[in-house]
Amino acid sequence: MAAIHITDIESAINWWRERSPSPDGITACAEVRALATVYGLMVYYHETECDEATMPAKARDAWLGWYATTPDAPCIAICSTSQGDDICKGCGRRFDEVQHWPVMTPAEKRATWRRITMEGSAWRFNRYAERAAEGAAERPAEPAAAPLTPPR
């Protein structure tokens, strides 16, 4: 099983805090408490990752609740692994990650997301994103839709 990075635990805590705010400014919801226990232990033991398989069930369920709101695949539909590259120029995943993505665990997918984000070399993080932004700025505004009924 893969490891869950502390930044994902922190993101999940913040997501749950926003989704289920404290009614009195002191008490946290059950999901935040479960994740905070894991987070606190990670900080105490100077760990940056926790094992997906040994994470307490309530904390894992809370983490999966947050995970379900994140984008699944980093694909931007420019796949160079299909052209023989070992690493996709579009999304930054390795060939085996692209091939096995459907059967990867949530923690394995998040580890891949973290790696490609930290590397930041894929087009999804630079050239492609810049070109997409430039293209949007250069595109003329779409004409107004024609009325559905003829004018009288």
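Heavy atoms only: backbone and side chains are in, while hydrogens, waters and symmetry mates are out. Since the model is a prediction, treat every value here as computed from it, not as a measurement.
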Atom pair [atom1]/[atom2] of [X] and [Y] - distance to nearest 0.5 Å:
X      : Y      : atom1 : atom2 : answer
Thr69  : Trp15  : OG1   : CH2   : 5.5 Å
His100 : Thr112 : NE2   : OG1   : 12.0 Å
Asn14  : Trp66  : CG    : CH2   : 10.5 Å
Arg60  : Tyr67  : CZ    : OH    : 10.5 Å
Lys58  : Thr37  : NZ    : OG1   : 10.5 Å
Ile76  : Lys89  : CD1   : NZ    : 12.0 Å

With heavy-atom distances below 4.5 Å as the criterion, would you say the side chains of [X] and [Y] are in contact?
X      : Y      : answer
Ile9   : Cys50  : yes
Glu47  : Ile6   : no
Phe95  : Asp85  : no
Trp101 : Pro74  : yes
Glu52  : Pro106 : yes
Thr48  : His5   : yes

State, to 0.1 Å, how close [X] and [Y] come at their nearest heavy-atom pair, and which atoms those are.
X      : Y      : result
Thr105 : Ala2   : OG1-CB, 4.4 Å
Arg93  : Cys75  : NH2-CB, 3.6 Å
Cys91  : Ile116 : O-CD1, 3.2 Å
Ile87  : Gly92  : CG2-O, 3.6 Å
Ala122 : Gly90  : CB-O, 3.6 Å
Val38  : Pro56  : CG2-CD, 3.9 Å

- Answer with yes or no whether the hydrophobic clustering places Met104 together with Leu64; edges join I, L, V, M, F, W, Y residues whose side-chain heavy atoms lie under 4.5 Å apart.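 Result: no, two separate clusters.
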- Message: Checking one residue: Leu41. Which other hydrophobic residues are in its cluster under the side-chain 4.5 Å linking rule?
- Response: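 Tyr44, Tyr45, which link up through side-chain heavy atoms under 4.5 Å apart, make up the rest of the cluster.
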Can you give the donor-acceptor pairs under 3.5 Å from side chains of residues 26-34 to other protein atoms, not counting sequence neighbours?
unit_1 : atom_1 : unit_2 : atom_2 : d
Thr27  : OG1    : Asp24  : OD1    : 3.3
Thr27  : OG1    : Asp24  : OD2    : 2.9
Arg33  : NH1    : Ala28  : O      : 2.4

- Item | Reference residue Arg114; test side-chain contact (heavy atoms from CB on, under 4.5 Å); the match among Asp8, Thr7, Ile4 |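 Among Asp8, Thr7, Ile4, the one meeting side-chain contact (heavy atoms from CB on, under 4.5 Å) with Arg114 is Thr7.
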- Task: Could you check Asp72 against Lys109 for side-chain contact (heavy atoms from CB on, under 4.5 Å), going step by step and ending with a plain yes or no?
- Result: CA-CA 8 Å; Asp72 181 48; Lys109 289 179 179 181; 3.1 Å; yes
